[in-house]
Peer 1: 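Structure incoming, see below.
In what follows, chains carry the letters A, B, and so on, assigned in the order in which the sequence lines appear, proteins first and then strands, with residues in each chain numbered from 1.
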Amino acid sequence: VPKFVFTCTDLSIWLVTLAVVIYALRIRRDADLRRTWRHVLRDPAAMCAAVFLLAFGAVALLDSVHFRLRVEDAGAAAPVYSPRTTSVLDWLLQGVIDAREKTYSAPLAYRSFVREVVVADGATRREFPRLQFGGAHLNDPSRQWSGDVLARSLAGLAAGLAAALVVAILVILREARRRDVRFVVALRLVASYRTDVPWRAVLAAVVVLGAFTGWVAAIWPHYHPFGTDLTGNDVLYQTLKSIRTAAVIGTLSSAATLPLALALGVLAGFYRGWVDDAIQYFYTVLSSIPSILLIAALVLLIQVWIDKNPQWFDTGLERAEFRLFLLCVILGVTGWSTLCRLLRAETLKLRELDYVQAARAFGVADLRIMLAHILPNVAHLVLIVTVLDFSSLVLYEAVLSYVGVGVDPTSQSFGSMINLARSEMSRDPVVWWNLGAAFTFMLAVVLAANLFADAVRDAFDPRARALRPRRAARQPVAASAK
Amino acid sequence: MAGYIARRILHALWILVGVNLLTFVLFFAVNSPDNIARLNLGGKRVTQQAIDAWKVQHGYDKPLWYDATAGGTARVTNTILYQRSLRMFSLDFGRADSGRDIGYELGRRVGPSLLLMLPMIAMTTAASIAFALALVFFRATYLDFFGTVLCVVMMSISSLFYIIVAQWLFGKVLHEFPISGYEGGADAFKFVLLPVLVGVVFQLGSEARLFRAMLLEEAGKDYVRTARAKGLAEPAVLFGHVLRNAWLPIMTHVGALLPYAFLGSLVFESFFGIPGLGNYTIQAITAQDFAIVHAMVFVGSALYIAAYLLTDLAYAWVDPRVRLA
């Protein structure tokens with residue numbers, strides 16, 4: 001039995017997941033919330049983005065269960081555990097981690113990217129050596145390679161598309177049963193966007209995702225789909241690890257703004273007077289410091305602190321995770337003033353409303369009024385701001401890592417990948433796949449988050465809905481049942 | 001108006017005092033001078049003697065905020081609080097942990113930062129307003145839709161990608177621009193041009209989207225409808241009514257960017273090797289030089305507060321109602 005390691009980021013990200021699930025259950029019960037969320041459910045771009053976000057979330061969660069494998073040692077009395085902490089994702093992809101080359105290799109390559117001195121038949125020559133793992137199963141790679149890659153790619157794509165097709169058929173069957181129509185009619189409804197949920201967009205995302213997953217599954221055991229980096233590690237594997245870091249930064253940092261923003265914002269708006277003055281002063285001071293400088297200073301401080309106390313961490317991964325956690329806390333502590341300002345203004349408005357005045361007249365305690373009457377009515381602001389923050393935080397991480405105050409140098413992130421890519425682009429011939437992979441996946445994460453956040457904002461803020469770009473008279477009409 | 005200005009200036013100073021005290025607590029109380037010394041000497045096995053010697057040499061050996069042994073005003077002035085923090089109000093930034101005079105470096109490096117950031121901010125604003133106006137002109141058409149989608153895609157790409165790809169394309173493949181570097185005088189132009197262009201492209205998405213929202217907010221108001229109803233042509237409505245009234249929020253937004261004209265950009269300056277203040281900061285962070293970071297935080301906050309003050313005063317000047325509030 002492996003020894004499970006619960007790092008602070010793991011616990012927090014699972015807590016956030018739990019909170020999201022509880023919120024989703026609340027939506028089901030609450031008619032008002034359901035009506036609002038229906039706006040999001042009817043937005044094709046948002047639903048398409050949601051499919052991708054779910055996939056990225058699954059990768060992040062798989063990479064958030066850490067354990068240390070037991071080392072077989074008959075002599076030891078107590079069980080001995082490996083000094084390496086691995087996650088479920090690492091465990092699933094153990095084959096990829098082990099298939100480590102010496103240095104750079106291009107995507108799908110069977111030869112190294114760098115020439116090496118080879119001694120053959122008494123003469124030394126400089127040539128591109130075969131890779132240890134990529135395409136190692138080929139006997140005569142120069143002739144077999146293209147056919148092999150093509151065959152595997154097609155097989156993988158076909159399998160992925162078949163899986164997506166099954167999902168599509170299930171969706172259409174469900175729609176057909178719900179509306180009590182024939183399959184072909186349901187198909188036509190789905191294809192022309194005339195369903196409540198824009199299934200066509202969802203299915204398009206599923207097809208893209210299925211095709212990609214199928215292709216990777218077919219290629220990965222024998223090649224490196226996105227090549228390898230300077231130390232010979234698989235780039236796609238590192239990209240998947242980076243997704244987890246991005247998700248942690250995006251969710252935990254926005255979660256970390258909540259305690260301060262909620263408490264201070266509601267207090268300032270509710271009590272006004274000197275409480276309001278003090279809190280306003282506090283956040284004005286904080287927000288007038290350029291955030292990147294404040295973050296840099298705080299990260300330097302925690303770095304000193306971590307370096308001084310190496311005894312706290314059993315493994316390097318735990319130290320890296322702790323630093324990531326503190327980075328999120330720092331981003332939260334330095335970034336709460338926007339939300340606080342909004343909450344204060346909204347509370348100022350709410351406290352004058354009749355139902356709050358009535359509660360005061362009845363002698364309800366202040367704390368209870370804030371918790372029961374104010375808080376639920378500012379929740380939409382909290383939701384909009386946290387969801388909108390996610391993508392900018394992911395982008396910010398890359399900049400922070402570049403500046404040198406981002407994640408731990410040992411952990412994988414988009415920022416650290418881009419940093420390395422900077423010198424790779426000046427090589428000749430150019431090493432483009434590291435940057436390409438980081439670009440593709442980062443764009444996918446941030447774009448999906450942006451599209452989803454926009455839909456959430458539109459749903460909860462009617463004023464924002466007026467700003468949507470509309471395609472005049474071509475707006476898909478959602479036909480409610482039949 | 002004079003009373004209003006005085007009130008705002010006092011308020012701004014009061015906030016700057018808060019910034020100064022907050023950063024003092026962060027830098028020297030939460031993080032003890034011993035830690036700074038250990039960090040600079042490097043390594044975990046540093047003797048206490050070495051630390052003490054370093055502290056004496058760099059002036060960190062004083063009490064934090066009150067010296068009971070000294071007499072007169074020295075009780076207050078012979079402290080880290082006074083030497084390192086309060087003295088900044090007289091624009092005396094002291095020496096960096098590496099020994100160089102911070103004030104001198106700031107003066108030397110603000111020029112390149114201004115040369116990079118002022119054109120960048122001006123061109124970004126101009127290009128974004130033009131793009132946003134075009135989107136508003138074609139609102140509710142496919143052009144508006146795809147233009148907005150383009151904005152969202154552009155703002156989903158990290159600034160680092162724009163820089164790396166531009167350096168690779170224009171510097172390495174096309175040989176049009178030097179990849180990085182800087183020279184004073186008229187030659188500065190060719191070193192600054194590429195970073196400025198990249199900066200404009202990188203910020204176009206988010207800025208244009210923001211300005212589009214501001215313009216549309218204005219375009220939905222009744223007086224715009226009246227202007228159309230009385231038969232004004234669409235360009236006249238857009239420029240004469242919508243844009244004119246949207247200037248206020250747009251300029252507020254741009255005003256908040258002005259501090260960065262002086263502070264420079266950490267990323268752009270270090271990528272393109274421009275010896276401005278952003279580059280200075282990034283070097284200080286890498287070298288873990290707390291004195292420089294502390295000074296930059298103070299300067300940055302002072303500039304931010306000044307920009308805020310100017311925006312406030314400009315508002316009061318344009319709109320007399322603000323003064324009474």
Peer 1: So which of B/V149, B/I157, B/T23 has the largest heavy-atom pair count under 4.5 angstrom toward chain A?
Peer 2: B/I157

Peer 1: Side chain, backbone, both or neither: which part of A/A438 has an atom under 4.5 Å from a heavy atom of chain B?
Peer 2: both

Peer 1: What option among B/G147, B/S158, B/A307 has the most heavy-atom pairs under 4.5 Å with chain A?
Peer 2: B/S158

Peer 1: Take atom CZ in A/R319; do more than 12 heavy atoms of anything else shown fall under 6.0 Å from it?
Peer 2: no

Peer 1: Testing A/V399, A/L400, A/I292 one by one against B/L266 for a side chain to side chain contact (heavy atoms under 4.5 Å, CB included), which residue passes?
Peer 2: A/I292

Peer 1: What part of B/T148 is in contact with chain A, defined as an atom under 4.5 angstrom from a non-hydrogen atom: side chain, backbone, both or neither?
Peer 2: side chain

Peer 1: Less than 4.5 Å to any heavy atom of chain A: does that hold for the side chain of B/V293, its backbone, both, or neither?
Peer 2: side chain

Peer 1: Taking all heavy atoms of B/M155 and all of A/L395, pick out the closest pair and write down the distance.
Peer 2: O-CD1, 3.4 Å

Peer 1: Quick one: does B/Y260's side chain have a donor or acceptor within less than 3.5 Å of a partner on A/P290's backbone?
Peer 2: no

Peer 1: With only heavy atoms counted, which part of A/S391 is less than 4.5 Å from chain B, the side chain, the backbone, both or neither?
Peer 2: neither

Peer 1: Look up atom CG in B/L160 and atom CE in A/M442, then write down how far apart they are to the nearest 0.5 Å.
Peer 2: 7.0 Å

Peer 1: Could you tell me which of A/V405, A/V430, A/L451 has the largest number of non-hydrogen atom pairs under 4.5 Å with chain B?
Peer 2: A/V430

Peer 1: Considering only heavy atoms, which portion of B/I285 lies under 4.5 Å from any heavy atom of chain A: side chain, backbone, both, or neither?
Peer 2: both

Peer 1: Atom OH of residue position A/Y283 - does it have more than 12 heavy atoms of other residues, nucleotides or ligands inside 6.0 Å?
Peer 2: yes

Peer 1: Only pairs of heavy atoms separated by less than 4.5 Å count here; which of A/L294, A/V403, A/V394 has the most with chain B?
Peer 2: A/V403

Peer 1: Select one option (side chain, backbone, both, neither) describing which atoms of B/L303 are under 4.5 Å from chain A's heavy atoms.
Peer 2: neither

Peer 1: Quick one: does B/W14's side chain get under 4.5 Å of A/Y281's, heavy atoms only?
Peer 2: yes

Peer 1: Determine the option with the most heavy-atom pairs under 4.5 angstrom with chain A, choosing from B/Y304, B/F298, B/F290.
Peer 2: B/Y304

Peer 1: Relative to chain B, which of A/G404, A/A297, A/A296 shows the most heavy atom pairs under 4.5 Å?
Peer 2: A/A297

Peer 1: Taking C-beta and beyond as the side chain, do A/L286 and B/V19 meet within less than 4.5 Å on heavy atoms?
Peer 2: no

Peer 1: Where does B/F271 contact chain A at under 4.5 Å (heavy atoms): side chain, backbone, both or neither?
Peer 2: both

Peer 1: Looking only at heavy atoms, which two atoms of A/L293 and B/M296 are closest? And how far apart?
Peer 2: CD1-O, 3.6 Å

Peer 1: Can you label the angle between the A/F439 ring and the B/F161 ring as parallel, tilted or perpendicular, going by 30° and 60°?
Peer 2: perpendicular

Peer 1: Chain B heavy atoms under 4.5 Å from A/D454: which part of the residue, side chain, backbone, both or neither?
Peer 2: side chain

Peer 1: For residues A/L447 and B/S156, report the shortest heavy-atom separation together with the two atoms involved.
Peer 2: CD1-OG, 3.4 Å

Peer 1: Within the structure provided, determine whether A/M425 and B/L169 are in side-chain contact (heavy-atom separation under 4.5 Å).
Peer 2: no

Peer 1: For A/Y402 and B/S270, does a side-chain donor sit closer than 3.5 Å to a side-chain acceptor?
Peer 2: yes

Peer 1: Keeping to residues at least two apart or across chains, list the salt bridge (charged side-chain N to carboxylate O under 4.0 Å, His left out) pairs with something in residues 152-163 of chain B.
Peer 2: none

Peer 1: Taking only residues two or more places apart in sequence or in another chain, which ones pass salt bridge (Lys or Arg N to Asp or Glu O under 4.0 Å) with B/E218?
Peer 2: B/K221

Peer 1: Considering all heavy atoms of both residues, which atom of B/L26 and which atom of A/L301 are nearest to each other, and what is their separation?
Peer 2: O-CD1, 3.3 Å

